[in-house]
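Here's the structure we're looking at; comments come further down.
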Amino acid sequence: MPETDAGFASIRPHLRRRLTALFGHRVADDASPFTAHVYRHPSVAEFAQALECLKRHFQFVTLADVVAHFANGRPLPDFPLFLSFDDGFREMAEIVAPMLQ
């Protein structure tokens, strides 16, 4: 098991029915003058590796799935994961969205 998977072993039993939400800001191979002083963002390769790890442990759900769950009681799959990005950087459309397809 890769080292990145080892950390999930202890918390996995607690996540079966709980929605996990991760929020990101930017994925790119270059530094941004707007964010470099605030946070470090993953490279494209690091994000791809993280996605592979997350896919082994979670079922990705959409915003519509989350809304239907809380508004109408629609069940979510086991180990649901909602992944969201904010800040509106062009990399979301050019890099992240194609990777999530």
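We use all heavy atoms of the structure for the numbers below, so side chains are in, but hydrogens, waters and symmetry mates are not.
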| request: With rounding to the nearest 0.5 Å, note down the distance linking NE2 in His25 to OG in Ser84. | output: 9.5 Å
| query | Between Phe82 and Val61, what is the shortest heavy-atom contact and its length? | reply | CD1-O, 3.7 Å
| Under a single-linkage definition using a 4.5 Å side-chain heavy-atom cutoff for Ile, Leu, Val, Met, Phe, Trp and Tyr, are Phe23 and Val67 assigned to the same hydrophobic cluster? | yes
| Side chains of Val27 and Phe85 in contact at under 4.5 Å (non-hydrogen atoms) | yes
| query | When you measure from the side chain of Asp29 to the backbone N and O of Val44, does any donor-acceptor pair fall under 3.5 Å? | reply | yes
| message | To the closest 0.5 Å, what do you measure between CZ (Phe60) and NZ (Lys55)? | response | 7.5 Å
| query | Heavy atoms, side chains only, cut-off 4.5 Å: are Gln59 and Leu81 in contact? | reply | no
| task | Could you tell me whether a side-chain N or O of His41 sits under 3.5 Å from a main-chain N or O of Ala28, the two making a donor and an acceptor? | result | yes
| request: Return yes if some donor-acceptor pair links the side-chain N/O of Glu52 with the main-chain N/O of Gln49 below 3.5 Å, else return no. | output: no
| field | Side-chain heavy atoms of Leu83 within contact of Val96, under 4.5 Å | value | no
| Do any N or O atoms from the side chain of His69 and from the backbone of Leu19 form a donor-acceptor pair under 3.5 angstrom? | no
| said: For a quick test of reading the model, state the closest non-hydrogen atom pair linking Pro42 to Phe47 and the distance between them. | reply: CB-N, 4.2 Å
| said: In the structure I gave you, are the side-chain heavy atoms of Arg74 and Asp65 within less than 4.5 Å of one another anywhere? | reply: yes
| task | Grab the two heavy atoms, one from Ala93 and one from Pro98, that are nearest each other, plus how far apart they are. | result | O-CD, 3.3 Å
| query | Say you draw a straight line from CE of Met99 to CD of Glu91; how long is it, rounded to the nearest 0.5 Å? | reply | 12.5 Å
| said: Just verifying a value: how many Å separate Leu54 CG and Thr20 OG1, rounded to the nearest 0.5 Å? | reply: 9.5 Å
